[in-house]
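What follows is one structure encoded as C-alpha cells, with my remarks underneath.
Everything numeric in this text was worked out from a predicted model, so none of it was measured. Numbered from 1 within each chain, the chains take letters A, B, ... in sequence-line order.
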2 protein chains.
Amino acid sequence: MAGHRNVTIKDVAARAGVSITAVSHALNEKGTLSEETRARIREIATAMGYQADALARGLRRSQIGVIGIVLRPLDALANYSPPGVDYFLRFAGAAAVSALDHGLSLMQVADLVKGPVTPLAFSLDGYVVTDPVRDDPVVDLLESRSIPYVTLGRDPGKPEASNWVASDDAAATRTALDHLAEGGARSIAFVGGTDDNSWNADAESAYLQWCSEHGATPRHFRSPEGLGEAGGRDLVPQLLANGVPDAIYSLTGRHAAGIQEAMRERGYVAPEHYLLACGTDAAQTRTAEPPITAIDLRPEVLARETVELLARITRGQAPEGRRLVASELIVRRSSQRAE
Amino acid sequence: MAGHRNVTIKDVAARAGVSITAVSHALNEKGTLSEETRARIREIATAMGYQADALARGLRRSQIGVIGIVLRPLDALANYSPPGVDYFLRFAGAAAVSALDHGLSLMQVADLVKGPVTPLAFSLDGYVVTDPVRDDPVVDLLESRSIPYVTLGRDPGKPEASNWVASDDAAATRTALDHLAEGGARSIAFVGGTDDNSWNADAESAYLQWCSEHGATPRHFRSPEGLGEAGGRDLVPQLLANGVPDAIYSLTGRHAAGIQEAMRERGYVAPEHYLLACGTDAAQTRTAEPPITAIDLRPEVLARETVELLARITRGQAPEGRRLVASELIVRRSSQRAE
DNA sequence: GTCATTGCATAAAACGATTTGTGAAGCTAG
DNA sequence: CTAGCTTCACAAATCGTTTTATGCAATGAC
C-alpha cells in the first residue's frame, strides 16, 4: 500500500497538456491565463486530488500556515499540565480553534530557548507568547530572528511595543477589591507572584492605588509562582502576623488554594472568618470548599483577539495592537458574607 | 529589526571558503571530507549560528520532525475540551513530551477529513490516531496517502494490523467487575458507548464473558458518547426498570456522572444503595460526590509506547506493535460498601 | 614514465512549488 | 505590409537543502 507517491504539480501539468507555470497560475489566480484554461486546469487538479506540497510552497513563500504558541509561565514548571493552571489550557485550546478560522494551525512549542528545539520552530509564520517577563529570552530570540509575534500581556520591558493583547488587570483588580469592600472588608491583603510580568505588575499597582484611594494600609505579599499551593500555605503565618485580615486577594489559583487550606487548619474558614477572592479562575477555585470567588480572564476572548492580531501581522497588514479585554468577576461562596 | 535574513548553508560555505556540499557533508557526517575540514566547517557554522532550514531539508528528506495527533472521539464533539475527557488531554500532553524524547514534536490536527485542513497535514512524518472506529475515514485517508500511523486502541476493522498500542481493556473490565462483586454486588449493569471502537467492544465482550462465568444475567446498555451526562441521565429509568441494580459499571466518565446525578435525584446514593464504578478516570470522577471509583488507563504510559512505536516506524525500523498496557483500578468511595 | 589507487572536494541534479521575464500569435491601425 | 498592442502561455530562476556522480591531485607500483 506504500509507494503511492503523491500527485505533484508536474503530474497535473502533464495530464492537462500545459506547463507547470500554467497550473500554478490557474490555482493561485495569478498570471494571464484565459479563463477557460484556468477552469480546465482547476477541474483536472481536483479530479486528480492534487494538493500543493506545504513544504515546497513554504520554501518559496516562507509561510507555512502554522503559528507557534509558547506558554511562558509553564516553561518554568516541571510538569506541563499541573492542576490549577487551566487558564493556559483553555487559552491554548481556544487559540487553536481561532487559528483555524484564519486558515492557520497552532503548534505548541516547549521552551524555545533551552535544549533541542523543534526543527520547524524557526520556520513558523509567527508566535504567540503568553505572559512574557522583562527581557524575556524567548522574545529576544524571536526578535533576533525577526519572527513576528504577539504577546498575551504586555512585555514589561517594552512600553512602546504595540503587539500585545491583555486582560484589563487594573480594572479587574479594582472590581475584586470593591467587591470585597462591599462585603465589609476594611483590611485587604494582597498576594501576588514574583514573575516580572505585566499581570503581576498591573494588579499590584492597582492594589496600591486602590488602598491609597480608600485610605487603607496596603498589606502586600509575594510568592514565587512555581511554589504553587505550598507557596500559599507558607505565606499564611505572615498574613496572620497582624491579626486576621478581613479579606485576602490572591492573584494565582494555586496560591489561593494553599492559603485556604492553611487558613482552615488554623480554624479560619471563608467566608465566616475572612473573605477570599482569586485573580484567575481554575478547576481549583471552582471545586474548593467553599468555592472561591474568582476573576474569569476570559481566555477564549483573549485567544481570539491574540490570534487575530498575529494573523494580521503575518499577512503584512497594519497591526492595531494594544487590545485590552475586560474580565469578569465570578462571585462564589468564599466572599459572600453569611446573612 | 527586520530583514535580518537567516544564515544559510551558502553563507557558511562562502565564509569557510568551501562548497555547500562540503558544509552539508561536514554537518551530517556524510561524504569523504577530511576530519580537519569537517571540524573547521562545524566551528564556523556554529559561530555563525547556522541552523538548517527545516522546510528545505524536509523537502529533500521528506521528514520534518513533526508528528500529528488526531483525537478521534473529540472530532465528533462540538467543543474540543469539554469536561470529563481529560484522558485525552493527559494523553496528548504526555505524547508531546514523549515526542521530544525522540527529537520529534507533536502537532494536534483537528479533523483531518472534513473542512479545510492544515496545509502541513500531509507533510507530517506520521500520525497518532486515538480510538479509531471501524472503517475510520481518517485511517483510510492516511493509508491512501501512505502516511505512517499508529492507533491508540485497535482498529476494529483491521484485525491483522499490528501498528497499535492499547490499554488492556478486557483485563481492566474484569478487575472492575471483580471489585464490585467483592463489594457484594450480584447484578451488575454495564453502560458502554455506541462508537464502534475497540474500547467499547473489548469492555463489552469482557463483561458478557464475565457474566457467563459468574452465572449472572447481563444487563447491558449503550448510550452515544456525544450525549455525555445527559445520555447517562436518560439511561437511569431503564437501569431501574427491573429494580435497583447492585452495581453499575459505566465506561465513560460523562455517562457515569449523569447516572450518579439522576440516581441521587431518585433517592439512590452510592455506595449505600448501589455501587458505581467508571471505566476511565477524569476530573468528574475525582470531584463527584461521592468520588467515583475509576480505572486509570495510564495515558502517560500509553502515550510513551505509542510515540515510541511511531518513531520507530518513521525511522524505518521493524515495528514491534500490538502493545498492551495494563490499567489500574482506583478505588474510591462510590464502590466501598459502608462498614 | 605510465597506470591504478587513494584521498579529498566539488558540480550538478534533485525535492515541489512560485514568480519573473520573454515571446509567439492574432489583431488593429496606418 | 508593418509597427504596435493585446492575449495567452511557457522557460527558467529561485527558495535552501541533500545526494549522486564526477574530477583532480598526490601517492605508489611496475
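- Applying the side-chain contact (heavy atoms from CB on, under 4.5 Å) criterion to A:Ser162, with sequence neighbours excluded, gives A:Arg322.
- Annotation: salt bridge (Lys or Arg N to Asp or Glu O under 4.0 Å) contacts of B:Asp53 (sequence neighbours excluded): none.
- Ion pairing of A:Glu308 with A:Arg304 is absent here, as no side-chain N (NZ or NE/NH1/NH2) approaches a carboxylate O to less than 4.0 Å.
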Sequence neighbours left out, cut at 3.5 Å: what donor-acceptor pairs do the side chains of residues 133-141 of chain B make with other protein atoms?
residue	atom	partner	partner atom	Å
B:Arg134	NE	B:Asp196	OD2	2.7
B:Arg134	NH1	B:Pro156	O	3.4
B:Asp136	OD1	B:Arg72	NE	2.8
B:Asp136	OD1	B:Arg72	NH2	3.3
B:Asp136	OD1	B:Val138	N	3.0
B:Asp136	OD2	B:Arg72	NE	3.0
B:Asp136	OD2	B:Val133	N	3.0

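- Within 6.0 Å of the CD atom in B:Gln317, the count of heavy atoms belonging to other residues, nucleotides or ligands exceeds 12.
- Summarising the local packing, CZ of B:Arg323 is surrounded by more than 12 heavy atoms from other residues, nucleotides or ligands at distances under 6.0 Å.
- Of the candidates A:Asn28, A:Thr21, A:Ile20, A:Ser24 forms a side chain to side chain contact (heavy atoms under 4.5 Å, CB included) with just one, namely A:Asn28.
- Taking every heavy atom of residues 34-49 of chain B and every atom of DNA chain C, pairs under 4.0 Å involve B:Ser34, B:Thr37, by number.
- Axis angle between the ends of the helix from C:dG1-D:dC30 to C:dG30-D:dC1, five pairs each and rounded to 10 degrees, works out to 80°.
- Contacts of B:Arg57 classified as salt bridge (Lys or Arg N to Asp or Glu O under 4.0 Å), with partners at least two apart in sequence or in another chain: none.
- Under the side chain to side chain donor-acceptor pair (under 3.5 Å) criterion, B:Thr46 pairs with no residue at all, not counting sequence neighbours.
- By the side chain to side chain donor-acceptor pair (under 3.5 Å) test, A:Ser34 pairs with A:Thr37, sequence neighbours left out.
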Check nucleotides 11-16 of chain C against the protein and report each pair of N or O atoms closer than 3.5 Å, with its distance, or say if there are none.
residue	atom	partner	partner atom	Å
C:dA11	N7	B:Thr21	OG1	3.3
C:dA11	N6	B:Thr21	OG1	3.1
C:dA12	N6	B:Thr21	OG1	3.4
C:dA14	N3	B:Arg60	NH1	2.5
C:dG16	N2	A:Ala56	O	3.3

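- Shown here are the salt bridge (Lys or Arg N to Asp or Glu O under 4.0 Å) partners of B:Arg42, two or more places apart in sequence or in another chain: B:Glu29, B:Glu35.
- In this structure, A:Lys30 atom NZ and C:dA17 atom P are separated by 15 Å, rounded to whole Å.
- Every residue two or more places apart in sequence or in another chain was checked for a salt bridge (Lys or Arg N to Asp or Glu O under 4.0 Å) with B:Arg40, and none qualifies.
- Here chain A contacts DNA chain D (any atom closer than 4.0 Å to a heavy atom, that is under 4.0 Å), and the contacts span D:dC8 to D:dG16 from 5' to 3'.
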